[in-house]
Amino acid sequence: MKTKRTKRSNDHFVLFSLFSLSKWTGFLVWVIVEVTIIFSFEDGFNMKILFKTQVLSITFAIIWVVCLNILAFLDQPERALQYINWFVYGFAVLFAIISFLLTKYVIGHNWLAVPLVLVPYLIIYTPFFKGIMLSLVSKSYGMIINFLSISTGTIYLMAILISLVFGIIFSNRRNKA
């Protein structure tokens with residue numbers, strides 16, 4: 001039996017479909033944040049810092065995907081399953097050290113770069129690279145990767161946050177990207 005859609009249910013359907021487009025809403029949020037931060041620079045529009053932060057975000061997303069692949073490979077009963085927590089935290093520390101050094105030498109002492117790195121990393125590049133990776137692997141391997149990305153995502157996010165903050169704190173104040 002077919003149900004008739006009324007004007008009111010069509011409005012809810014359209015509204016629901018607008019909010020379910022997470023890629024587009026994420027992109028719009030990213031554009032709004034980027035434009036806001038660009039116009040808040042003291043010396044005007046600085047394309048150099050925008051380019052550096054985007055390259056840094058892409059680099060962080062690629063490193064995260066590589067760590068997920070290594071963890072998914074090790075998350076097998078005949079491999080190193082009993083030591084998987086050690087590998088998760090070890091890769092998080094290694095990821096934090098790499099991102100600390102990249103932040104210190106690429107961004108410098110620029111606090112406005114933190115949202116320019118984190119927002120695109122979380123909203124655009126991480127889902128994009130994860131989607132590419134999941135399209136290239138088998139379904140069972142993809143399920144392992146999905147589980148690992150959900151269970152270890154906060155650990156890697158905290159590693160990035162801490163390394164960004166300390167990378168900016170310990171950078172040279174005269175080295176302002």
Side-chain angles (χ1 to χ4, degrees), residues 19-30 33-34 37 49 51-172 175 177:
F19 286 114
S20 66
L21 297 173
S22 63
K23 291 180 183 177
W24 288 107
T25 55
F27 179 73
L28 289 175
V29 168
W30 174 71
V33 168
E34 296 283 335
I37 290 175
I49 188 70
F51 179 73
K52 285 182 178 183
T53 56
Q54 297 309 301
V55 168
L56 202 61
S57 294
I58 291 171
T59 306
F60 289 166
I62 290 172
I63 292 172
W64 177 72
V65 165
V66 168
C67 286
L68 277 181
N69 276 322
I70 293 171
L71 287 174
F73 176 74
L74 294 174
D75 194 21
Q76 305 289 327
E78 61 272 0
R79 292 196 180 101
L81 183 61
Q82 59 189 355
Y83 303 113
I84 195 70
N85 287 335
W86 288 96
F87 285 113
V88 168
Y89 292 116
F91 285 137
V93 168
L94 181 67
F95 187 41
I97 291 170
I98 291 170
S99 58
F100 168 77
L101 293 173
L102 284 173
T103 303
K104 183 177 177 182
Y105 294 113
V106 173
I107 291 179
H109 197 78
N110 194 347
W111 285 101
L112 289 176
V114 174
L116 285 174
V117 171
L118 286 180
V119 171
Y121 168 77
L122 293 173
I123 294 176
I124 296 175
Y125 300 126
T126 301
F128 178 72
F129 285 119
K130 183 181 166 191
I132 289 175
M133 180 181 56
L134 289 176
S135 68
L136 297 175
V137 297
S138 67
K139 187 175 181 179
S140 63
Y141 197 72
M143 289 172 52
I144 293 171
I145 289 173
N146 276 332
F147 172 73
L148 287 171
S149 69
I150 291 170
S151 62
T152 64
T154 55
I155 296 168
Y156 287 105
L157 179 63
M158 290 305 296
I160 287 177
L161 283 171
I162 291 169
S163 64
L164 276 174
V165 168
F166 282 111
I168 291 173
I169 288 173
F170 290 118
S171 67
N172 191 355
N175 183 19

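Given the structure is predicted, the values throughout are model-derived calculations rather than measurements.
To the nearest 0.5 Å, the span separating OG1 on Thr152 from CG on Leu71 amounts to 6.5 Å. A distance of 10.5 Å separates CG in Leu68 from CZ in Phe91, rounded to the nearest 0.5 Å. Put simply, CH2 on Trp86 and CG on Leu74 are 15.5 Å apart, with the number rounded to the nearest 0.5 Å. With rounding to the nearest 0.5 Å, the separation of CD1 in Ile162 from CG in Leu157 is 9.5 Å. Taking CG from Leu148 and CZ from Phe73, the interatomic distance works out to 13.5 Å, rounded to the nearest 0.5 Å. Atom CG of Leu116 is separated from atom NZ of Lys52 by 13.0 Å, given to the nearest 0.5 angstrom.
Counting heavy atoms from C-beta outward, Leu136 and Met133 have side chains that stay 4.5 Å or more apart. For the pair Trp64/Phe129, no side-chain contact is recorded, criterion being any heavy-atom separation below 4.5 Å from C-beta on. Counting only heavy atoms from C-beta outward, the side chains of Phe95 and Ile160 approach each other to under 4.5 Å. Taking 4.5 Å as the limit, every side-chain heavy atom of Ile168 sits out of range of all side-chain heavy atoms of Asn110. Counting heavy atoms from C-beta outward, Val165 and Leu161 have side chains that stay 4.5 Å or more apart.
Minimum interatomic distance between Ala159 and Ala92 (heavy atoms only, all atoms of both residues): CB-O, 3.7 Å. Shown here for Ser149 and Asn146, the closest heavy-atom pair between the two residues is OG-O, 2.9 Å. The nearest pair of heavy atoms linking Ser171 to Lys104 is CB-O, 3.8 Å. Minimum heavy-atom separation, Ser163 to Ala96: CB-O, 3.2 Å. Residues Ile107 and Ala113 come closest through the heavy atom pair CG2-CB, 3.5 Å. Pairing each heavy atom of Cys67 with each of Tyr156, the nearest pair is CB-OH, 3.9 Å.
The aromatic rings of Trp111 and His109 sit perpendicular to each other, their planes meeting at more than 60°, with 30° as the lower class boundary.
Here the options are Val55, Leu122, Ile98, Val117, the test is side-chain contact (heavy atoms from CB on, under 4.5 Å), and the partner is Phe60; only Val117 passes.
No donor-acceptor distance shorter than 3.5 angstrom exists from the side chain of Thr126 to the backbone of Ala61, with no hydrogens or angles considered.
When the shell of 6.0 Å around OH of Tyr141 is examined, it contains more than 12 heavy atoms from other residues, nucleotides or ligands.
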